[in-house]
Protein chains: 2
Amino acid sequence: MKKDVTTLKKIAESLNLSISTVSRALNDHQDISSQTKEKVKKLAKEMNYIPNIFAKGFRQHRSNIIGVVVSNVTHHYTTTIIRGILEEAAARGYRVIISESNNDIEKQTEMLNTMIQFGVDGILLSLSKLTRDVDNVLRTLNRIPLILFDKVSSKIPCTQVVINDEEAAFDAVEHLINIGKKRIAIIKEFEFSYNSEKRFAGYLKALKQHNIPLDEKIVLSCEDINLEEGKRMTNILLSLKERPDAIFCITDTAAIGCIKVLKKFNVRIPEEIAVVGFSNNANSTIIEPQLTTIDQPGNRIGKTAVHYLIEEIDTPNNVVTSKTIEIKTNLIIRDSTYKV
Amino acid sequence: MKKDVTTLKKIAESLNLSISTVSRALNDHQDISSQTKEKVKKLAKEMNYIPNIFAKGFRQHRSNIIGVVVSNVTHHYTTTIIRGILEEAAARGYRVIISESNNDIEKQTEMLNTMIQFGVDGILLSLSKLTRDVDNVLRTLNRIPLILFDKVSSKIPCTQVVINDEEAAFDAVEHLINIGKKRIAIIKEFEFSYNSEKRFAGYLKALKQHNIPLDEKIVLSCEDINLEEGKRMTNILLSLKERPDAIFCITDTAAIGCIKVLKKFNVRIPEEIAVVGFSNNANSTIIEPQLTTIDQPGNRIGKTAVHYLIEEIDTPNNVVTSKTIEIKTNLIIRDSTYKV
DNA sequence: CTGAAAGCGCTTACAG
DNA sequence: CTGAAAGCGCTTACAG
């Protein structure tokens with residue numbers, strides 16, 4: 001298939017130099033005279049030399065590939081992170097291999113193993129839901145640099161890149177308080193969900209700081225939050241004797257389900273009930289009224305994760321301190337609450 | 001970093017066999033006795049042998065990597081294609097490297113070169129917009145198996161995997177005719193856009209087949225279709241003396257802009273003006289009324305593209321007939337038109 | 001059925 | 001400043 005591939009050897013022959021010298025010239029080795037370097041580089045260009053990355057990787061025990069495992073590549077927020085990963089990786093001379101775990105822990109394990117087998121230099125992992133058993137991840141972490149992002153776990157001692165969930169939720173709930181809401185419901189997931197718990201903590205903190213008592217009746221949880229669950233839980237809230245005057249949904253999707261139900265029952269948004277989501281995904285400006293939500297800078301998450309991963313790859317002794325990097329989010333105020 | 005890596009050599013030593021025999025046993029070579037095979041495989045497993053993919057790829061001039069270049073990884077339809085690619089590639093033992101061209105033709109060229117440099121076995125390319133000069137793609141095609149998908153061009157002689165744009169548009173417009181619409185506008189792109197032209201051809205065909213004369217006044221085109229353009233062109237349509245009674249938008253995003261304007265002017269949908277989009281993206285069920293649209297099976301596109309690419313990779317002489325594979329779409333009828 | 005040996009294209013410690 | 005040579009881990013034509 002490939003023919004007339006230019007190799008170091010051919011360049012060396014044409015120039016009556018040794019392969020070693022050509023290799024060093026191309027790699028800007030200090031021992032080589034600048035004239036030789038120039039000569040070699042010029043010919044390499046003319047002959048359209050492309051280094052054989054496999055020979056190189058093989059020789060150097062380095063692939064310059066980063067493996068990325070996410071649960072679902074079609075989620076918009078995930079794609080913004082992936083874009084950040086691609087950009088930063090490209091800028092640093094790394095390629096990116098992506099695979100999906102489909103929120104299946106066995107598939108996740110399989111993908112981690114495949115990544116190692118494939119010789120990636122490091123792994124960026126967003127945990128699949130329900131990763132309560134982290135043994136496999138720990139085993140991977142022992143073999144290769146690994147960083148968690150987005151869906152993380154405190155049980156895994158490694159660098160983690162996340163958004164400031166708690167603070168973001170605090171901001172969202174405080175915003176509701178600031179516009180005069182006093183009975184703020186939350187629609188969230190059960191306690192094993194890392195992000196959900198962080199956001200709930202922010203909710204609690206905001207209530208506390210503003211001396212609003214917690215009412216368990218308007219704290220609703222589900223296993224796996226989505227549009228349907230948003231609808232179902234909003235129906236529950238509407239059926240209460242004392243309805244909330246605001247609903248904080250920990251995802252935009254749930255918030256959209258929520259708004260659809262409120263509209264169905266002709267509840268005025270935000271006058272009677274205000275709604276806040278989380279993510280600022282594309283739908284949040286399609287729904288009417290447009291959704292007040294938290295913008296998560298996926299791009300920055302991705303870039304930051306790559307940054308720290310390469311740092312670990314370049315750390316020879318592999319003694320890595322586990323730290324958590326929090327990326328700042330922004331509250332975006334739209335028509336489902338009030339401008340202040 | 002890596003320590004105690006199991007190699008063929010170590011297995012061979014432990015078993016008092018030669019490296020060749022171990023290699024062949026692991027690869028199920030016919031020459032090796034089944035007892036030896038068993039013995040070797042058992043120990044390989046025990047020793048947690050992972051073949052060094054770089055040595056292998058280096059030796060065999062094969063990377064088992066497929067390169068994918070798309071314009072934008074955050075587009076939902078693109079992600080469904082990517083998912084199909086990932087699934088099929090994994091099933092066939094290939095890894096996938098993804099990069100973005102950001103609809104920039106120079107970046108696209110750069111990415112194609114990087115892919116080659118990186119030693120991928122083949123490339124799956126969705127052309128960036130405005131790829132009018134295809135020289136660079138042709139150059140890549142000369143060096144390596146390459147298949148186009150989604151955004152394709154008749155100027156490039158290679159296998160192309162697309163949806164049946166023309167037929168899909170025909171179905172959409174015929175549906176509008178079937179529900180009694182007689183003055184059907186189209187919102188599209190200028191003629192250099194491959195998909196737009198195909199959809200326009202389907203529009204024309206449906207009109208012709210139902211003896212509806214073409215009225216150029218309700219055929220609106222723009223450079224780069226999006227929500228704002230959808231709004232702008234809908235405003236133009238509403239300002240006409242003879243308003244259309246239906247609008248076929250060649251993307252969902254434009255259709256959503258269209259619906260927003262119609263609602264602003266209190267035009268009843270679908271009674272006064274019906275709207276059809278194209279793509280069935282997530283927003284099409286969020287907007288009210290929900291959008292009638294064409295569902296594009298991205299997953300199948302991705303899988304099919306991988307299928308043909310591997311076929312070409314496995315074709316030794318590289319004599320490839322260029323063919324176009326059309327994947328069937330489905331019209332999904334929702335509230336922006338009538339159920340029939 | 002098994003082994004010795006060459007070689008894929010590169011980098012680098014060693015020697016000069 | 002440059003070169004000869006070893007070696008990364010694997011596969012495979014050749015020999016037996």
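Letters A, B, ... mirror the listed sequences (proteins, then strands); counts begin at 1.
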Figure out the [atom1]/[atom2] separation between [X] and [N], and round it to whole Å.
{"X": "B:Lys37", "N": "C:dT2", "atom1": "NZ", "atom2": "C1'", "result": "13 Å"}
{"X": "B:Lys9", "N": "C:dG3", "atom1": "NZ", "atom2": "P", "result": "16 Å"}
{"X": "A:Asn52", "N": "D:dC8", "atom1": "CG", "atom2": "C1'", "result": "13 Å"}
{"X": "B:Gln30", "N": "C:dT2", "atom1": "CD", "atom2": "P", "result": "14 Å"}
{"X": "B:Lys10", "N": "D:dC8", "atom1": "NZ", "atom2": "C1'", "result": "13 Å"}
{"X": "A:Arg62", "N": "C:dG9", "atom1": "CZ", "atom2": "C1'", "result": "19 Å"}
{"X": "B:Asn16", "N": "C:dG3", "atom1": "CG", "atom2": "P", "result": "9 Å"}
{"X": "A:His29", "N": "C:dC10", "atom1": "NE2", "atom2": "P", "result": "17 Å"}

For residues B:Leu124 and B:Val306, determine if any side-chain heavy atom of one lies less than 4.5 Å from a side-chain heavy atom of the other. yes

Under 4.5 Å between any side-chain heavy atoms of B:Lys107 and B:Met111, yes or no? yes

Is there a donor-acceptor pair closer than 3.5 Å between any side-chain N or O of B:Thr109 and the backbone N or O of B:Ile105? yes

May I ask you to decide if B:Leu17's main-chain N or O and B:Thr21's side chain share a donor-acceptor pair within less than 3.5 Å? no

Considering only NZ, NE, NH1 and NH2 on the basic side and carboxylate oxygens on the acidic side, decide whether [X] and [Y] come within less than 4.0 Å.
{"X": "B:Asp31", "Y": "B:Arg24", "answer": "no"}
{"X": "A:Lys42", "Y": "A:Glu46", "answer": "yes"}
{"X": "B:Arg139", "Y": "B:Asp133", "answer": "no"}

Nearest to the side chain of [X], heavy atoms from C-beta on, is which of [options]?
{"X": "B:Ile32", "options": "C:dT2, C:dG9, D:dC1", "result": "C:dT2"}
{"X": "B:His61", "options": "D:dC10, C:dC8, C:dA4", "result": "C:dC8"}
{"X": "B:Leu17", "options": "C:dC10, C:dG3, D:dG3", "result": "C:dG3"}

Quick one: do the B:Thr159 and B:Glu312 side chains pair a donor with an acceptor below 3.5 Å? yes

One should report the stems of DNA chain C, each a stretch of at least three consecutive Watson-Crick or G-U pairs at distances under 3.5 Å, as C:1-3 with D:14-16, C:5-12 with D:5-12, C:14-16 with D:1-3

Minimum heavy-atom separation for B:Ile301 to B:Val162, with atom names? CD1-C, 3.8 Å

Same-atom distance (C1') from C:dG16 to C:dT12, integer angstrom: 16 Å

Reading nucleotides 11-16 of chain D 5' to 3', which nucleotides get B (base under 4.0 Å from a protein heavy atom), which S (sugar-phosphate only), which -? BBB---

